[in-house]
Amino acid sequence: MSRAVLQVFEKYQAARTAFVQTVAELAHRPQNIEALQNAGVMQLLRPLLLDTVASIQQSAALALGRLANYSEELAEAVVMNEVLPQLVYSLEKQNRFYKKTAAFVLKAVAKHSPQLAKAVVDAKSLDALVGCLREFEPSVKEAACWALGYIARHTAPLAQAVVDAGAVPLLVLCLQEPELSLKRIAASTMGEICKHSPELAQVVVDQSGVPFVAQLVTHHDSKLKRQVCQCLSQIAKHSVDLAEVVVETEIFTQTKLFSCLKDSDPVVRRNAATCIREVVKHAPELAQLVVNNGGHAAVIDYVNKSKGASRLPGIMTLGYIAAFSPTLATILITAQGIRPLKDALINEPEDHIKAASAWSLGQIGRHSPDHAQALAVADVFRRLVEVFENENSSTDLKQKSQRALKSVLQKCTHYKSLEPLLLSAPPKILKYIVGQFAKILPTNPKARKSFVQSKGLQKIQELKMSGNNDLLQYIDVINKKFPPEIVDYYSPNYAEKLLQKIETNDDEDDIKA
C-alpha cells in the first residue's frame, strides 16, 4: 500500500519537473513567448518557486527569468505576481545553482526601465545580491554583478543604492579574480556606477579601484578591454581631479592606452579614444601630457582609419587639444591633423559627426594667421561654406560651421584663399571675409592688385549697392585705398554714368553748334 502512495508522489514530482523544464526550454525561443503568456504560465510558475524540490525551484526561476528578459511587459508581470520577494528570500537560503538563476531573474527584470529596477531594489534584493559577491562560486558572483550593473545603470539614486549596499569593495575584489567573464562584468558594473556623478566615481577611487582597472588595459582579451576603457572614461569625464587619478595610473605615460587605438576590436578602439577625450578636455596640462607621449599622433591615425560614429571621440579629442593653446594646435597641424578632420567634414553621412569636425577645425585655426592659413591652404574654408549652404544640413551643423568660419576668417591674412570665397560665400559669411580684406588691403599693395584682378573690387561694389549695412563700413575702408576712377569703373552703374556723360557732351556740342 505504501508503495502505491509513493508512486503517486513520484509521478507528481516527475510531472512538475517535466513541466518546468519544458516551459524553461520553450521560454528560450521568442516565438513561444506569447503562447506561454496566454496560457497563464506566470501564475503556474510562481508556486513552483517554493517547491520542495530544489531542481524544480531552479527551473521555475529560469523560466521566469527568460520570460522577464523577453519584454518589459512580462517583466512587469513578474513584479505584479510578487515573485521578487520569493526570489530574494531564496537567494539567501538556497544553493549556488539557484542563486545564479535567481540573480538572472533580477537582472532580467531590472534591465528594462528605472521603474522596474526600483521594484527590484524595493524587494530588498541589494543586500542579497551583494552577499552573492562574497560567494566562492565565480558564476554566482558573475550573475550578481550582472544584476547590480543593470540596477545601477538607470539613475544616480539607483547607483547610490548599490553603493550604499557595499557593492564597490567587492567589485574591486572581483576584478582581481582569475575568471575572465567575472573581470568583464565587474569592470562594466563599476563603469555603470561611475557614470552618473563625480561623487559616485569618487567612491570607486576611494576604494582603490582605479589601479586595478587600469592594469587590465593591456590584457589580451578584447571584451575585457572594452569594459576597462569604458570604465576609465566614465571616471575621468567628471572633473580634473578624477581625470588626474586616471592619468596617475601611467596608462598615458607608458602609452598603454594609445596601443588600444590600434586594437583589432573596433569597440576597444572607440572606447580608448573616448577615454583619451574625457581626459584631455579638462585642462591644458592633461592635453600636453597626451601630446608629449605621442598620443596626438595615435589619435590622428585613429581618425584617419575609422569611419562613422567610431570617429567621433577622436575628432573631438583633436578639437579639445587644439583649443588650449596655439602651440598644441601647431603640433596637430604639423602631424597632419587637418586632413582627417576635413575628410570627415566632407564624407561622413551623419551631421553630428560633420558638426564635430567643423568645431575641431575651428579650434585649430582660430589662434593666429598662421593657423588660419593652414586651414586655408587645405581648402577647408570652401568645404565649411558648402556645408553651411547645404539645405539638408542640420541647424547644429550650420551653427558649428558658421562659428568655425567666423573664428578662423577673422585671423586669416592669406588673401589668395579669401578671394574665391568673396565671390561665392553667403551673406552671413561675407561680412567676415570683407572685414578681413578691410584689414589686409590697406597695408598690402600686392593684395590690392590681386583684389582687383580677382574681381573682388567689383564684387564689393555690387555688395554696396545691395545696401547691406553690416558691410558698408568695411567697403568704405577698402574703397578709400583705390583711386576713385577705378572704384567708379567697377561700380555696377558705371556704364550708365558713362552713357549719361556722353549724352551730356553731345547735347553741349549741339548747343554750341
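Residue numbers run from 1 in the order of the sequence given.
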Between [X] and [Y], is there a donor-acceptor pair closer than 3.5 Å when you use the side chain of the first and the backbone of the second?
X: S360; Y: S357; result: no
X: D263; Y: S259; result: no
X: H196; Y: A152; result: yes
X: H219; Y: V228; result: no
X: T189; Y: I185; result: yes

Does any non-hydrogen side-chain atom of [Y] lie less than 4.5 Å from one of [X]?
X: L126; Y: V162; value: yes
X: L242; Y: V210; value: no
X: M190; Y: V168; value: no

Measuring from atom [atom1] of [X] to atom [atom2] of [Y], what distance do you get when rounded to the nearest 0.5 angstrom?
X: S393; Y: F388; atom1: OG; atom2: CZ; value: 9.5 Å
X: K262; Y: K305; atom1: NZ; atom2: NZ; value: 6.0 Å
X: Y150; Y: H154; atom1: OH; atom2: NE2; value: 9.0 Å
X: L74; Y: L67; atom1: CG; atom2: CG; value: 6.0 Å

Check [Y] with [X], please: is the shortest side-chain N to carboxylate O separation under 4.0 Å?
X: K99; Y: E135; result: yes
X: D351; Y: K354; result: no
X: R226; Y: D265; result: yes

Less than 3.5 Å apart, any donor N or O on the side chain of [X] or [Y] sitting next to an acceptor on the other?
X: K111; Y: N69; answer: yes
X: S181; Y: E142; answer: yes
X: Q202; Y: D206; answer: yes
X: S139; Y: E137; answer: yes

### Query
Can you name the residues that form a ring pair (Phe, Tyr, Trp, His ring centres under 6.0 Å) with H367, not counting sequence neighbours?
H371
If you look at every heavy atom in [X] and [Y], which pair is closest and at what distance?
X: A335; Y: H296; answer: CB-CD2, 3.9 Å
X: G65; Y: A108; answer: O-CB, 3.4 Å
X: C412; Y: F381; answer: SG-CE1, 3.7 Å
X: G365; Y: K411; answer: O-CB, 4.3 Å

### Task
Quick one: do D221 and K225 satisfy salt bridge (Lys or Arg N to Asp or Glu O under 4.0 Å)? Show the steps, please.
CA-CA 6 Å; D221 182 69; K225 285 191 284 187; over 6 Å; no
### Query
Looking at W359, is K400 sitting on its ring face, NZ or CZ under 6.0 Å from the six-membered ring centre and within 45 degrees of the normal?
no
For residues 311-318, which side-chain N or O atoms pair as donor and acceptor with protein atoms under 3.5 Å away, sequence neighbours left out?
{"unit_1": "R311", "atom_1": "NE", "unit_2": "V303", "atom_2": "O", "d": "2.9"}
{"unit_1": "R311", "atom_1": "NE", "unit_2": "S306", "atom_2": "O", "d": "2.9"}
{"unit_1": "R311", "atom_1": "NH1", "unit_2": "D343", "atom_2": "OD2", "d": "3.1"}
{"unit_1": "R311", "atom_1": "NH1", "unit_2": "E348", "atom_2": "OE2", "d": "3.0"}
{"unit_1": "R311", "atom_1": "NH2", "unit_2": "V303", "atom_2": "O", "d": "3.4"}
{"unit_1": "R311", "atom_1": "NH2", "unit_2": "D343", "atom_2": "OD2", "d": "2.7"}
{"unit_1": "T317", "atom_1": "OG1", "unit_2": "P313", "atom_2": "O", "d": "2.7"}

### Task
Quick one: list whatever passes salt bridge (Lys or Arg N to Asp or Glu O under 4.0 Å) with D370, sequence neighbours left out.
none
